[in-house]
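It should be emphasised that the depicted structure is a prediction, and the values quoted were computed from it without experimental measurement.
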Amino acid sequence: MREFLRRHPRAAVLLTVANLLLLTGAVALLIVIVTADWGFAAGRPDAAGSQTVQANGSALLGAAIAVAGSAIGAGIAVAYTGAAALAAMSERPELFGRAMVVVGLAEGIAIYGLIVAIILVGEAR
């Protein structure tokens, strides 16, 4: 397998993206299952105890999509910037700091999606 991935670097990127997609989908599904109100209960009483508050399922689905999309985008970005950073560092090792900053910026995409998801889950409750 290592020999195949060494000969076909694009296959390694596609394998990484496929694994990331599978993991992100599982996490998004877990978020929806754990936090969703499936309508079996009539609702939760609010602070005054007189009205009922329903969880907003579309906000939870949006949070799952935000996490999944940002993680997929971050995975693709890190794959390409990481490969380019390694290629640049193999020729000029003094570029390590700059290359890691670029890879870190690409990883920040996933953090932005996680922040949006936390805001949406907070609004759904």
At their closest point, which heavy atom of A110 faces which heavy atom of A71, and how far apart are they? CB-CA, 4.4 Å

Consider only side-chain heavy atoms of I, L, V, M, F, W and Y, link residues closer than 4.5 Å, and tell whether M100 and L86 are in one cluster. yes

If every non-hydrogen atom of L120 is compared with every non-hydrogen atom of G62, which pair is closest and at what distance? CD1-C, 3.7 Å

Per side chain to side chain contact (heavy atoms under 4.5 Å, CB included), V78 is matched among V103, I109, V102 by V103

What is the minimum heavy-atom distance between S70 and V67, and which atoms define it? OG-O, 3.2 Å

Are I115 and I65 connected into the same hydrophobic cluster when the rule is that any two of I, L, V, M, F, W, Y join if their side-chain heavy atoms are below 4.5 Å apart? no

What heavy-atom pair brings A85 and A99 nearest, and what distance separates the two atoms? CB-CB, 3.4 Å

